[in-house]
K.L.:
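I'd like to ask you about the structure that follows.
These numbers come from the heavy atoms of this one structure, side chains and all, not from hydrogens, waters or symmetry mates. On a predicted model such as this, the values are computed, not experimentally measured, just so you know.
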Amino acid sequence: MSAPCQQPAAPPAASVLPLPPAPATRRPAVDWRIRFAALSLIWGFSFLLIKVGTQGFAPFQVTLGRLLAGTAVLAVAMAMRRERLPRSARTWGHITVAAFFLNALPFSLFSYAELTIPSTLAGICNATSPLWGMALSVVALSEDRPTRRRVAGLGVGFLGVLTVLGAWQGFSGLDLPGTGMALLASFSYAVGWIYVRRTLAGTGSSTLTLTGSQLFIGTLQLALVTPVFTSAPDTFPLLPTLSVLALGALGTGLAVLLQYGLVQEVGPTTGQMVTYFIPVIATAAGVALLGEQLSWNTPVGAVIVLAGAALTQSRPSAAAARTRTAGDRTKRLSRT
């Protein structure tokens, strides 16, 4: 398997193994721009679907339902492509950890968070994932050295977070536990992506196999936890049920296939740009369809967060990288 692609922000339904798929054998019938727009809409509406799902089911039940539906979609895709499951116990161990940090934990945290915070705020909190990822990669990934631009992006991004939260007002009117859970979910994505980059690159299994296996293990994890904290639902109200199924089948299943198809065709840099449309769509959906209210600092802060996230994902040009490498080599020689 090839090396991991550049780390994108991880949307709530896109928390899958950040490894690029194998080269395409034929050109897709649908233009990549249409698939890009579809992916943006699917992931942008994920927060609205979570909110509606929690109106009929407990948060753990929403998470279990979406994982079941998502796993079913990828299982069909794996069967059609005759993919084989990993055989190494070590690989399954790493997949189990990845499933916890990229699926079971953040999905559950977002579901609990949206019991008390608007879906718009949850979508914006999700956009902080690349900020956490950049901060953690400095410590965990020796090859991912920060540049001045990326460090500046980190500062700008967290300034945007403080703007969204209204820090100058003492966080007045903000549900701190719910917001904290949403931010922790975003942090969990960053931990999971870095763990995967360190452990699952080069395992020999295809991306689809690893992703399907990850969702399957995440489903098992929630299947063990959910009965402990909830009782079986007495009814299955139509709208919440449809929301959970759509969240899983579309956002956690179909969207994964769309994402890897885009990365395969146009590369990770263009493919990850979908990240910056998600909070915009989530905000528009929450306001238009759920009647959620916005104060001026929410959209302004979201723009600042996205600007910071974009800076943290920037990479130096090839010429700049060569210059920096030469400078580092000169410094090392001067010390000897």
Side-chain angles (χ1 to χ4, degrees), residues 10-19 46 49-50 53-54 57-113 181 184-185 187-200 203-233 236 240-241 243-257 259-260:
S15 306
V16 291
L17 303 175
L19 307 173
S46 292
L49 295 175
I50 293 172
T54 56
F57 301 102
F60 277 137
Q61 293 169 346
V62 172
T63 303
L64 176 59
R66 72 184 291 189
L67 282 171
L68 278 170
T71 301
V73 171
L74 291 191
V76 171
M78 290 173 62
M80 292 177 62
R81 300 181 188 182
R82 298 181 179 180
E83 298 278 356
R84 293 184 177 180
L85 293 174
R87 297 183 178 181
S88 167
R90 183 182 182 86
T91 298
W92 279 106
H94 290 316
I95 288 174
T96 299
V97 177
F100 176 76
F101 284 108
L102 291 175
N103 298 117
L105 179 60
F107 285 8
S108 299
L109 285 171
F110 271 120
S111 294
Y112 271 101
M181 283 189 285
L184 183 58
F187 179 79
S188 179
Y189 288 140
V191 172
W193 280 80
I194 289 176
Y195 179 83
V196 166
R197 287 182 61 181
R198 292 177 66 94
T199 61
L200 283 171
T203 59
S205 298
S206 72
T207 300
L208 178 59
T209 293
L210 292 173
T211 303
S213 301
Q214 176 193 316
L215 291 182
F216 172 69
I217 293 297
T219 303
L220 291 181
Q221 291 171 346
L222 261 294
L224 294 174
V225 171
T226 301
V228 176
F229 293 95
T230 67
S231 57
F236 290 85
T241 301
S243 295
V244 172
L245 291 176
L247 182 64
L250 298 180
T252 314
L254 177 62
V256 168
L257 302 177
Q259 180 197 30
Y260 286 128

K.L.:
At their closest point, which heavy atom of Ser111 faces which heavy atom of Val62, and how far apart are they?
P.N.:
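Answer, listing the atom of Ser111 first, then Val62: OG-CG1, 3.8 Å.
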
K.L.:
Between Thr252 and Leu247 (side chain of the first, backbone of the second, donor and acceptor by atom type, cut-off under 3.5 Å), is there such a pair?
P.N.:
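Side chain of Thr252 to backbone of Leu247: a pair is present.
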
K.L.:
What side-chain donor-acceptor pairs closer than 3.5 Å can you find for residues 77-86, not counting sequence neighbours?
P.N.:
from: Glu83; atom 1: OE1; to: Ser206; atom 2: OG; distance (Å): 2.8
from: Glu83; atom 1: OE1; to: Thr209; atom 2: OG1; distance (Å): 3.1

K.L.:
Just wondering, more than 12 heavy atoms not from Tyr112 lying within 6.0 Å of its OH?
P.N.:
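Counting other residues, nucleotides and ligands, OH of Tyr112 exceeds 12 neighbours.
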
K.L.:
So, taking the atom named CG in Leu105 and the one named CD in Gln221, what distance separates them when rounded to the nearest 0.5 Å?
P.N.:
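Result: 9.5 Å between the selected atoms.
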
K.L.:
Are any of the side-chain heavy atoms of Tyr260 and Leu208 separated by less than 4.5 Å?
P.N.:
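Contact flag for Tyr260/Leu208 side chains = no.
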
K.L.:
With a sphere of 6.0 Å drawn around CZ of Phe216, does it hold more than 12 non-hydrogen atoms of other residues, nucleotides or ligands?
P.N.:
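Atom CZ in Phe216 is not crowded, with 12 or fewer foreign heavy atoms closer than 6.0 Å.
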
K.L.:
Do Thr63 and Val225 touch side chain to side chain, with heavy atoms closer than 4.5 Å?
P.N.:
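No, side chains not in contact.
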
K.L.:
Looking only at non-hydrogen atoms, find the nearest pair between Ile50 and Phe110 and report the distance.
P.N.:
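Answer, listing the atom of Ile50 first, then Phe110: CG2-O, 4.1 Å.
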
K.L.:
To the nearest 0.5 Å, what is the distance between OH on Tyr195 and OG on Ser188?
P.N.:
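Going from OH on Tyr195 over to OG on Ser188, the span is 13.0 Å.
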
K.L.:
Taking the side chain as every heavy atom from C-beta outward, state whether Phe57 and Thr241 have any atom pair closer than 4.5 Å.
P.N.:
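When only atoms from C-beta onward are counted, Thr241 and Phe57 do touch, with a gap below 4.5 Å.
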
K.L.:
Could you check if a side-chain atom of Phe187 sits within less than 4.5 angstrom of a side-chain atom of Leu184, using non-hydrogen atoms only?
P.N.:
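They are in contact (side-chain heavy atoms under 4.5 Å apart), so the answer is yes.
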
K.L.:
So, the side chain of Thr226 versus the backbone of Gln61: is there a donor-acceptor pair under 3.5 Å, distance only?
P.N.:
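Side chain of Thr226 to backbone of Gln61: no pair is present.
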
K.L.:
Going from CG on Leu67 to OG on Ser108, what distance comes out if it is rounded to the nearest 0.5 angstrom?
P.N.:
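Rounded to the nearest 0.5 Å, the CG-OG separation comes to 8.0 Å.
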
K.L.:
Which pair of non-hydrogen atoms, one from Leu222 and one from Ala104, has the smallest distance, and what is that distance?
P.N.:
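Closest approach of Leu222 to Ala104: CD2-CB, 3.4 Å.
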
K.L.:
Taking side chain as C-beta onward, heavy atoms only, is Val244 less than 4.5 Å from Leu49?
P.N.:
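Counting from C-beta outward, Val244 and Leu49 never come under 4.5 Å.
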
K.L.:
To the nearest 0.5 Å, tell me how far Thr207 OG1 sits from Leu200 CG.
P.N.:
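Between Thr207 OG1 and Leu200 CG, I get 10.5 Å after rounding to 0.5 Å.
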
K.L.:
Are any non-hydrogen side-chain atoms of Ile217 and Trp92 less than 4.5 angstrom apart?
P.N.:
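SC-SC contact between Ile217 and Trp92 confirmed.
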
K.L.:
As an exercise, state the distance from CD1 of Ile194 to CZ of Phe101, rounded to the nearest 0.5 Å.
P.N.:
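Answer rounded to 0.5 Å: 11.5 Å.
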
K.L.:
If you round to the nearest 0.5 Å, how far is OG1 of Thr71 from CZ of Arg66?
P.N.:
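The distance works out to 11.0 Å.
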
K.L.:
Ring-plane angle category for Tyr189 and Phe107, please: parallel below 30°, perpendicular beyond 60°, tilted otherwise.
P.N.:
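Aromatic pair Tyr189/Phe107 classed perpendicular.
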
K.L.:
Check Thr230 against Ala58 and note the closest heavy-atom contact, atom names and distance.
P.N.:
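What the structure gives for the nearest pair is CG2-CB, 3.6 Å.
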
